[in-house]
Amino acid sequence: MKDNRIQFQKYAARNEQLAAQYNKAYFEKQHKKGKLTARERVEILFDEESFEEIDAYVKPAGDIVTNIYGDGVICGHGKINGRKVFAYAQDFTFMGGSLGSVHADKIMKVQDMALSMGHPIIGLIDSGGARIQDGVASLAGYAGIFHRNVKSSGVIPQISVILGPAAGGAVYSPALTDFVFMCRHTAYMFVTGPDVVKEVLNEEISSENLGGADIHGSKSGVAQFVYDDEEHTLLGVRKLLQYLPSNNVDMPPLSKQEAVAPENPANLSVLIPEEANIPYDMLDILKNLVDKNSFFEVAEDFAANIIIGFARLQNKVLGIVANQPKVLAGVLDINSSEKAARFVRFCDAFNIPILVLEDVPGFLPGSHQEHVGIIRRGAKLLYAFSEASVPKITVIVRKAYGGAYIVMNSKNMGGDFNFAWPTAEIAVMGPEGAVKILNRKELATSDDAEALKLKLISEYKENIANPYIADEKGYIDEVIDPLYTRKKLISAFEALENKFMEKNAKKHGNMPL
Ligand code: HXC
């Protein structure tokens with residue numbers, strides 16, 4: 001029965017006014033831009049009817065007079081895959097989703113709640129940036145959001161989903177979060193837009209080419225996930241969360257489905273080509289090791305010479321780092337080093353054990369790589385693996401040469417279990433290079449230098465570039481039959497379940513950023 005007391009009448013009137021705000025015109029305003037509304041996005045992201053909005057009735061600060069509630073951002077919490085998550089969704093229909101001071105206060109409130117309660121937070125971003133009318137107060141708002149992003153880093157997973165503009169300082173909150181999703185053709189991110197680029201550099205460029213989803217997904221590496229439409233983008237976020245714990249003292253969730261082993265593990269014995277310079281797809285190895293259909297790749301289109309992503313082994317979540325011989329022979333360069341380093345740190349922060357599949361000929365040589373900092377950037381991966389205290393296992397399937405052998409979680413850098421297949425080639429450098437250095441004089445004076453070179457290469461492979469020397473010295477724990485790799489890994493990760501994860505007394509190290 002309806003309660004007609006004056007208090008309830010006011011309550012009902014407010015609710016009606018809020019509901020009326022989301023009318024036909026509201027939806028059309030966004031739809032005609034090819035975008036969904038903030039409300040529709042929240043509906044797709046969260047489990048059905050689980051979203052609880054907070055601060056729905058706030059109004060903007062200062063001189064802005066409006067009947068519209070919310071100040072352009074929807075904040076609250078709900079469930080995703082049955083687990084609690086906080087979120088904010090910017091509403092472009094109100095002042096272009098610009099970040100006014102109250103709008104910022106609302107975001108900071110959910111950031112604080114997510115952090116203190118230990119749940120992930122997701123930002124759905126569609127905003128013209130700092131609200132011009134609010135002046136420095138909106139800049140202060142951004143600063144407060146960034147500060148909370150940093151405080152939350154490594155404590156709760158933070159995800160940014162770009163579904164419209166993110167311009168100016170607005171790009172830095174996503175950059176501070178763990179994963180960035182972007183939707184093709186409607187999302188773009190840049191520090192300075194096309195107009196400024198034209199003014200300063202006299203360069204004509206569209207928003208799409210300057211900071212569209214594909215640019216950030218493949219060139220800059222800012223976005224790890226790119227989808228064709230908003231629905232798939234939001235469903236992608238739901239999928240990612242299936243692999244993540246809620247916070248840094250939680251463990252990654254088990255799947256509700258039973259683990260299914262790969263169908264054809266026998267493939268593993270024949271996947272490595274006989275010739276060492278013939279490429280193959282590392283994903284074929286990976287998919288024959290982990291639970292069926294469990295691999296979820298991260299940053300697929302950026303630095304594809306290294307593969308990173310999440311998978312399950314006997315239902316338990318793993319972080320995967322694997323060289324990809326199909327792209328640039330799987331070398332380590334600046335981008336692949338940074339891509340993998342950041343991922344290793346994420347896994348370490350959130351208790352996700354790491355599996356490394358190694359086939360790496362070395363670091364990419366050349367003046368370009370040297371000049372853009374392969375030394376300091378390669379060092380990031382070294383630092384990240386070395387520092388990570390989660391269970392870490394490496395399987396060398398083919399090449400493991402030089403510095404790259406060391407970097408890819410080698411035994412002496414803290415690998416917990418290090419396995420190699422009989423096809424592994426572990427040495428300071430590849431046979432060609434080694435023979436040229438070691439046998440320069442003989443080759444220069446030989447009547448048949450080519451034949452001698454082939455003979456020396458064959459001897460080098462036989463005597464040096466194999467897994468057995470490392471095995472005999474204990475740098476490899478075991479040379480294993482590819483066919484039994486899954487079994488060995490399940491057993492090794494089981495042994496590591498009680499691994500004591502040491503905490504350093506120091507404030508923090510000085511990673512080569
Ligand atoms: C106030 C804004 C706004 C802003 C957009 N609007 N951006 N209001 N402050 N920053 C308003 C518009 O006036 C308009 O209001 C409505 O939002 C929709 O904007 P449109 O321009 O009509 O939409 P569209 O054509 O789709 O263009 C979207 C846009 C453009 C590309 C985002 O609005 C734009 O360039 N905005 C400014 C972007 C920017 O430079 N932001 C500041 C970045 S600096 P009406 O009433 O007409 O509907 C920054 C510093 C942060 O963010 C530093 C932190 C460290």
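Numbering of ligands and ligand atoms starts at 1, following listing order. Fair warning: this is a prediction, and the values are worked out from it, not measured in the lab. For the single chain, residues carry numbers from 1 onward in sequence order.
- The side-chain tip of Lys316 does not point at the ring of Phe493 from less than 6.0 angstrom away and within 45° of straight on.
- Ion pairing between a basic and an acidic side chain is recognised when a charged N comes within 4.0 Å of a carboxylate O; Asp228 and Arg184 show such pairing.
- A distance of 6.0 Å or more separates the ring centres of Phe310 and Phe296.
- Protein residues lining ligand 1, listed by chain and number: Lys33, Phe92, Met95, Gly96, Ser98, Gly128, Gly129, Ala130, Arg131, Ile132, Gln133, Leu139, Tyr142, Phe146, Pro165, Ala167, Gly169, Tyr188 [non-hydrogen atoms, distance under 4.0 Å].
- Salt bridge annotation for Arg39-Asp91: absent, with no cationic side-chain nitrogen under 4.0 angstrom from a carboxylate oxygen.
- Look at Lys33 and Asp126 and you find no salt bridge, because none of the NZ, NE, NH1 or NH2 atoms lies under 4.0 Å from a carboxylate O.
- Between Tyr243 and Phe350, the distance from one ring center to the other does not fall under 6.0 angstrom.
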